[in-house]
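The sequence lines fix the lettering, A, B, ..., with proteins before strands; numbering per chain opens at 1.
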Amino acid sequence: MIKITFPDKTVKEFESGITGLDIAKGISNRLAKEAVSVGVNGEIYDLTRPITKDADFAIYKFEDEQGKEAFWHSSAHLMAEAIEALYRGVKLWVGPSVNNGFYYDIDLPEGKNITEKDFPILEKKMLELAQQKNEYIRKDIPKAEALKYYTEKGDEYKVDLIGGLEDGTITFYKQGNFTDLCRGPHLPDTGYIKAVKIMSIAGAYWKGDEKNKQLTRVYGVSFPQKKLLDEYLEMLEEAKKRDHRKLGKELELFTFSSKVGQGLPLWLPKGAKLRERLENFLKKVQTEYGYEPVITPHIGQKELYVTSGHYAKYGADSFQPINTPAEGEEFLLKPMNCPHHCEIYNSKPHSYKDLPLRYAEFGTVYRYEQSGELHGLTRVRGFTQDDAHIFCRPDQLKEEFIKVIDIVLYIFKTLDFENFTTQISLRDKDDKSKYIGSDENWAKAEAAIIEASAEKGLNTVIAYGEAAFYGPKLDFMVKDAIGRSWQLGTIQVDYNLPERFELEYTGSDNEKHRPVMIHRAPFGSMERFVAVLIEHTAGKFPLWLTSEQAVILPVSERFNEYAQEVMKKLALADVRVSIDERNEKVGKKIRDNEVKRIPYMLIVGEKEVENNSLSVRKQGEGDIGIMSINEFSDFIKDRVAEELK
RNA sequence: GCCGAUAUAGCUCAGUUGGCCAGAGCAGCUGAUUUGUAAUCAGCCGGUCGGCGGUUCGAAUCCGUCUAUCGGCUCCA
């Protein structure tokens with residue numbers, strides 16, 4: 001007998017070899033029907049895999065992450081089976097479940113390819129195979145035997161895959177006519193899969209290395225009910241409506257021009273006003289935290305970047321130097337502001353009493369991004385960082401770092417970014433050649449970040465290989481409308497640039513010491529931050545940020561004069577307001593301004609002129625009643641104060 | 001940069017197997033209407049069908065190439 005501990009800590013005894021499905025059946029038929037996988041001591045098991053030892057046990061449905069994993073992984077196998085059936089001679093690489101479905105990387109035979117027109121055929125084949133309710137059968141095979149099988153089959157991909165596995169036995173799963181090397185877990189049978197949709201195809205380098213051959217990656221998604229698929233597709237449609245590229249155009253926030261160049265955003269007046277307000281908001285916070293503004297040019301001598309290490313790291317892959325005609329000087333567009341700020345630090349000697357120094361600049365930088373990488377406002381070639389560099393003594397580092405975390409958290413809270421994740425980005429453990437500086441400096445910097453994050457109680461994940469080339473980072477990540485994660489805020493500890501720029505201060509001992517640098521950008525970049533903000537708010541910006549808080553809608557042209565009077569009074573009370581004086585019916589004006597997401601509409605007609613009042617309508621909600629002009633400006637003031645609290 | 005796809009008016013889209021002057025709605029302009037909580041009516045303006053080259057008697061439509069965009073991969077100081 002074995003002891004099974006349920007999530008609520010109750011313990012039951014079962015015969016050894018019982019399956020998760022049997023246990024579920026023992027609880028209720030309905031649960032057994034909805035279960036797709038089970039958890040056994042933290043590992044995800046097939047429903048039908050025998051459990052042979054005492055275990056902490058959990059049943060997962062499709063709604064659970066662990067359930068989806070088994071479901072989509074099984075779907076990937078199903079898709080592979082369909083592809084094998086439709087494309088003779090195809091070779092398979094791997095097919096995992098991912099965030100929103102699954103994919104399979106395949107190598108199609110010479111001259112064959114899959115296009116979007118083939119998707120329905122593939123879907124049909126998959127459903128046909130699903131309806132056969134073929135069982136997913138787990139089988140352990142000795143490594144040598146598996147190797148022999150695939151060598152004879154001439155499948156170099158699977159041979160490579162097995163070669164990288166530990167010796168001993170290897171697990172295979174078979175369903176219908178399809179057998180695949182796989183760790184599992186899987187569904188009991190293909191009949192669980194009721195709805196499938198092939199989403200897209202893409203090239204994907206074998207093993208993620210661009211030197212390798214590019215395989216074809218087929219993305220799909222599947223569900224246990226047709227209804228869930230429909231809901232998912234509808235959700236995607238909704239998400240598309242929030243896309244900052246679409247809203248940016250509709251709300252006239254920014255644009256691109258192929259004449260100006262790809263990845264070089266042009267901010268339109270409304271977007272510029274929004275951005276300016278964000279900048280002012282941060283400037284105010286930074287002033288409170290003791291930052292001082294600095295301003296530096298957009299280019300710098302090549303030598304500056306040789307000193308900083310940027311040139312050695314990125315010189316060949318960046319915009320090429322700008323040369324002066326007569327003297328043959330070489331300048332680079334600045335990829336970062338830190339070298340300039342280091343030279344500001346060096347402009348005069350410093351005492352330990354001066355530190356910390358906090359230099360802040362909304363600095364525009366230019367980076368060569370590969371053309372295929374550009375993406376709306378989230379990935380561009382010219383962008384403005386809300387940058388600052390803190391130069392401090394080693395004993396001040398932790399306190400300063402924590403203060404920066406506070407700024408980031410305050411900003412995220414003010415803008416309702418609740419679902420962010422924090423990531424400690426460290427060096428690639430296996431390849432230190434990508435970074436500058438001594439191990440000792442790196443160790444100190446990493447320790448400082450880990451300690452400060454722990455002290456603030458941040459729930460961090462560690463990502464190796466994500467550090468900046470000069471130091472480790474604490475990154476704040478936020479998801480966009482379609483679930484892609486973007487790095488926004490970043491805080492970086494750097495012992496290396498101070499060495500390279502020979503930064504010094506005189507200590508109380510009258511000796512020269514080296515300061516530590518913190519690089520930080522709470523927004524990350526104005527471009528990316530605004531992009532994510534647009535998607536989070538669906539263009540309905542908070543009142544304090546939006547460039548137009550209210551619009552006055554005269555019922556007819558007869559009331560334009562009163563509207564002007566109202567506008568003047570509200571403008572004096574710092575309400576950002578305009579008038580829709582067009583010769584249109586109120587219904588039309590309301591509709592147009594609803595679409596423009598103006599938070600409040602102030603309707604004025606006969607009644608309002610008589611009572612010296614406004615009829616207030618809230619965007620998305622409708623009529624909220626009559627107010628006097630003063631009442632309305634107070635109302636806006638209160639709302640703004642609340643938002644910024 | 002790589003794989004796949006897309007590009008028609010300011011915006012959203014039609015345009016059948018290549019065939020006379022390339023269409024619609026919205027926006028814009030003009031006029032009528034003076035309007036009460038999500039679209040008043042009429043007229044007008046607007047496109048070298050992304051650029052260039054080719055095939056053809058004839059190209060928005062077929063082919064090549066360049067540019068830009070979209071979905072991924074790789075990259076991301």
Trainee: According to the Watson-Crick and G-U wobble definitions, with both distances under 3.5 Å, which nucleotide is paired to B:C2?
Mentor: B:G72
Trainee: Pick base, sugar-phosphate or nothing for A:Gly605, based on heavy-atom distances below 4.0 Å to the nucleic acid.
Mentor: base
Trainee: Base, sugar-phosphate or nothing for A:Lys607? Non-hydrogen atoms, less than 4.0 Å.
Mentor: base
Trainee: The criterion is side-chain contact (heavy atoms from CB on, under 4.5 Å); which residues satisfy it with A:Pro498, sequence neighbours excluded?
Mentor: A:Asp494, A:Leu503, A:Arg514, A:Met517
Trainee: NA contact type, A:Tyr103, heavy-atom cut-off 4.0 Å: base, sugar-phosphate, or nothing?
Mentor: nothing
Trainee: Pick base, sugar-phosphate or nothing for A:Gln262, based on heavy-atom distances below 4.0 Å to the nucleic acid.
Mentor: sugar-phosphate
Trainee: Scan A:Val586 against the nucleic acid and name what it touches under 4.0 Å (heavy atoms): base, sugar-phosphate only, or nothing.
Mentor: sugar-phosphate
Trainee: Let's test this: given Watson-Crick or G-U wobble pairing with both distances under 3.5 Å, identify the partner of B:G53.
Mentor: B:C63
Trainee: So what does A:Ala202 touch, heavy atoms closer than 4.0 Å: a base, only the sugar-phosphate, or nothing?
Mentor: base
Trainee: Does B:G43 have a Watson-Crick or wobble partner in any strand here, with both distances under 3.5 angstrom, and which is it?
Mentor: B:C29
Trainee: I need the NZ-C1' distance between A:Lys588 and B:C41, as an integer number of Å.
Mentor: 13 Å
Trainee: What do you reckon, are the aromatic ring centroids of A:Phe529 and A:Phe523 less than 6.0 Å apart?
Mentor: yes
